[in-house]
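Here the structure comes first, spelled out in structure tokens, and everything after it is commentary.
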Amino acid sequence: MTATATEHVKLTMAQALNRALRDSLAADPTVVVFGEDVGALGGVFRITDGLTAEFGEDRCFDTPLAESGIVGVAVGMAMNGLRPVVEMQFDAFAYPAFEQIVSHVAKMRNRTRGRVTLPMVIRIPYAGGIGGVEHHCDSSEAYYAHTPGLHVVAPATPADAYALLREAIASPDPVVFLEPKKLYWSKEEVELAAPVPGIGRAVVRREGTDATLIAYGPTVPVALEAAAVAAQEGRSLQVVDLRSIVPFDDETVCAAVRSTGRAVVVAESSGFASVSSEIVARVTERCFHSLHAPIRRVTGFDIPYPPPKLEHFQLPGVDRVLDAVDDLQWEDR
Amino acid sequence: MTGDAHHLLPSPEPVTLIGVDGQATGDPGHAVPDDTELVRGLAALITARRLNDQAYALVRQGRLAVYPSSHGQEACQVAAAQVLTGDDWLFPTYRDTVAAVGRGVDPVEALTLLKGDWHCGYDPYDHKVAPHATPLATQLPHAVGVAHAARLRGEPTVVMAMCGDGGTSEGDFHEALNFAAVLKAPVVFFVQNNEYAISVPLARQTAAPSLAHKGIGYGVPGERVDGNDLAALLAVLGAAVERARAGGGPQLIEAHTYRMQAHTNADDATRYRKDDEVAAWVERDPITRLERHLRERGLVDDEQLAGFAATAEQLAAHVRDGLHRDIEPDPAKLFDHIYAEPTPQLREQAALVADELDREGALR
């Protein structure tokens with residue numbers, strides 16, 4: 001890390017993730033990267049570009065096309081002293097690995113009373129907004145967030161993508177690392193060694209006084225855009241970026257909602273029995289007396305992810321967010 | 001793609017070195033193991049049988065919630081442990097308690113899961129025995145991962161990955177074989193074909209010529225062995241371990257054996273199989289066969305056998321003592337070991353339980 005201590009670089013999220021993998025591989029000889037097409041091709045999104053060439057076949061390698069096998073083999077490698085970072089090619093293609101994730105990845109520490117721990121990262125390009133055909137656009141975070149024993153993280157900026165992935169790889173616990181596909185090409189100046197809040201901490205991305213928008217992963221830019229539009233209309237919206245779904249940062253989220261008294265949760269995933277429902281429930285339990293209106297949600301509908309030509313109906317957009325804000329019982333104040 | 005698949009084919013009949021009559025068969029491909037190995041194996045078989053029957057009795061006494069017995073399959077259990085060195089790993093299923101004990105795991109700790117005090121009762125690193133896997137075949141990819149990690153680190157580890165006939169139908173069995181073959185991982189896949197997956201007979205499990213043939217599709221050599229012949233198991237499994245250690249890659253071994261008892265105490269085997277089928281397997285019992293062989297060759301006598309029985313009895317007494325000890329698991333431990341550090345939410349929930357316990361204590 002010392003070589004990069006003051007390095008500022010302009011990176012896309014995809015490049016930041018690639019850089020995080022490279023720096024982790026260089027810093028720790030126990031880190032290994034594997035999955036489908038991650039070698040010569042560099043992954044279908046090029047997140048592992050150049051890693052096999054730089055670190056060799058033993059450190060970054062292609063596997064057979066079998067997600068349960070990939071995650072299961074990673075479990076064994078983590079049991080035997082390595083830190084595997086595996087790539088699931090797309091959200092919906094991770095489902096064959098579900099049993100391994102739920103029954104073993106999440107539970108090994110608990111089953112063995114802390115004797116066997118699994119420091120491993122499961123990277124999943126997730127969510128929609130890229131015109132992907134079916135089975136390429138699922139928001140699968142609720143399945144993982146519902147499973148005790150997993151950390152679940154979703155960065156929304158290149159800087160966070162870099163910092164959170166480095167931290168996920170260094171974590172003693174398994175981390176499901178959800179990469180919002182539609183933000184892979186978003187770009188910003190990243191200070192690689194900058195101290196950023198760790199896994200489990202949310203951040204306030206924009207200060208505001210009238211209402212709080214709570215978002216994570218792909219909906220953070222939507223919330224920020226909505227806040228910018230609202231500002232032109234004279235309404236001051238605060239934006240909280242969760243960054244980490246598990247652990248959940250009740251402290252930051254509740255402090256934010258108490259400061260405004262109104263909140264809208266914005267998430268791409270279907271709303272029923274979702275992370276967004278959990279946020280509403282826990283914020284209401286903790287902040288009821290600070291609320292001037294019920295918390296609203298803007299989420300995907302409870303339908304299978306639609307085909308590309310209709311996906312814009314499914315995705316929470318700025319107008320829907322602003323409509324929800326308008327519904328926060330302003331006249332009753 | 002080219003390549004001769006013939007070297008992958010298992011032998012037409014399971015390898016047997018000592019027949020049901022106790023006589024050596026004179027198999028051309030495999031030598032009978034050393035006398036000391038066979039005598040050691042007989043002692044282990046006698047202990048294994050005693051452990052199985054003790055655990056089964058403890059279920060009836062309510063000390064164990066459930067026990068999937070390997071009664072009748074003890075030769076497989078003993079051989080799986082006996083062919084490994086201290087560097088090696090064993091990945092057992094829930095029916096492989098005896099194999100885990102053969103690696104050195106304390107049987108009381110091995111039975112913790114089935115007693116209900118906690119899940120895995122032993123430290124898997126102490127004897128390199130993975131936690132008992134209950135979801136079928138899910139442990140097999142882990143075995144491949146442990147083996148591959150060892151290979152990357154330049155360690156001589158071989159991994160014995162166990163499953164049953166039913167487990168060979170699970171996707172993870174196939175994914176594990178394929179990964180192991182592609183990675184040339186030092187894994188011996190050891191299938192105990194005991195004829196039944198709970199109630200479902202082998203004929204409804206697979207249409208393959210044998211379970212060992214399933215390796216062919218992955219480029220993994222298969223072999224079949226008489227699962228009630230300890231000598232054959234030691235020879236075949238031992239050769240597979242040696243081959244894997246030398247860099248020859250994985251192998252798939254199918255042992256033909258029989259589950260003499262029901263799946264567990266919760267099962268009723270009379271609903272799906274006839275008594276005379278079970279009776280026919282009694283004469284193939286692994287212990288009587290090896291004992292007859294060793295007696296006839298003058299390698300064991302009554303006195304030695306009495307010594308083996310006494311050792312087995314000591315272990316049974318240790319198991320009884322351990323399982324009759326009532327342990328009150330600490331509810332505060334519910335929240336330990338979910339993560340390295342508890343989340344704020346888990347701290348809140350632990351405080352709630354602590355508060356409940358305090359109030360309960362105050363009422364007493």
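Proteins get letters first, then strands, A, B, ... in listed order; numbering begins at 1 in each.
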*Could you tell me whether the side chains of Gln345(B) and Asp250(A) share a donor-acceptor contact shorter than 3.5 Å?*
yes
_Structural part of Phe248(A) lying under 4.5 Å from a heavy atom of chain B_ = both
*Salt bridge Asp336(B)-Arg109(A), side-chain N to carboxylate O under 4.0 Å*: no
*Who wins among Ala78(A), Pro148(A), Pro247(A), Ala66(A) for the most heavy-atom pairs under 4.5 Å with chain B?*
Ala66(A)
*Parallel, tilted or perpendicular for His142(B) and Phe91(B), by the 30°/60° rule?*
perpendicular
*Against chain B, label Ala74(A) side chain, backbone, both or neither, depending on which of its atoms sit under 4.5 Å from a heavy atom there.*
neither
*For the residue pair Arg95(B) and His132(B), confirm or rule out a side-chain donor-acceptor distance under 3.5 Å.*
no
_Side-chain (Arg83(A)) to main-chain (Leu118(A)) donor-acceptor, under 3.5 angstrom_ = no
*Asp172(B)-Gln139(B) side chain donor-acceptor pair, cut-off 3.5 Å*: no
_Region of Tyr125(B) that comes under 4.5 Å of a non-hydrogen atom in chain A_ = side chain
*Please flag which part of Ile338(B) lies under 4.5 Å from any non-hydrogen atom of chain A: side chain, backbone, both or neither.*
both
*Pick one of side chain, backbone, both or neither for Ala340(B), based on which atoms fall under 4.5 Å of a heavy atom in chain A.*
both
*Looking at Val144(B), Leu140(B), Leu152(B), which makes the most heavy-atom pairs under 4.5 Å with chain A?*
Leu152(B)
_Options Ser68(A), Ser103(A), Pro172(A), Ser171(A), ranked by heavy-atom pairs under 4.5 Å with chain B, top entry_ = Ser68(A)
_Residue Leu150(A) versus chain B: region with a heavy atom under 4.5 Å_ = backbone
*Decide yes or no for Phe34(A) and Ile70(A): does some side-chain heavy atom of the first lie under 4.5 Å from some side-chain heavy atom of the second?*
yes
*Heavy-atom proximity to chain A below 4.5 Å, by part of Asp123(B)*: both
_Below 4.5 Å, heavy-atom pairs only: which of Arg113(A), Lys107(A), Arg111(A), Met79(A) has the largest tally toward chain B?_
Arg113(A)
*Are the charged groups of Arg245(B) and Asp88(B) less than 4.0 angstrom apart, N to O?*
yes
*Under 4.5 Å from any heavy atom of chain B - which part of Arg282(A)*: side chain
*If you measure from the Lys or Arg side-chain nitrogens to the Asp or Glu carboxylate oxygens, is any gap between Lys115(B) and Asp117(B) under 4.0 Å?*
yes
*Please state whether the side chain, the backbone, both or neither of Glu67(A) comes within less than 4.5 Å of a heavy atom of chain B.*
backbone
*Interchain contact, Val71(A) with chain B, by part (heavy-atom threshold 4.5 Å)*: neither
*Side chain, backbone, both or neither: which part of Leu183(B) has a heavy atom under 4.5 Å from chain A?*
side chain
*Relative to chain A, which segment of Ala150(B) carries a heavy atom at a distance below 4.5 Å: side chain, backbone, both, or neither?*
both
*Heavy-atom proximity to chain B below 4.5 Å, by part of Asp173(A)*: side chain
*asked:* Could you check whether Thr138(B) and His104(A), counting side-chain N and O atoms only, form a donor-acceptor pair closer than 3.5 Å?
replied: yes
_Among Arg258(A), Arg286(A), Arg201(A), exactly one meets salt bridge (charged side-chain N to carboxylate O under 4.0 Å, His left out) together with Glu251(A). Which residue is that?_
Arg201(A)
_Part of Pro64(A) lying under 4.5 Å from any heavy atom of chain B_ = both
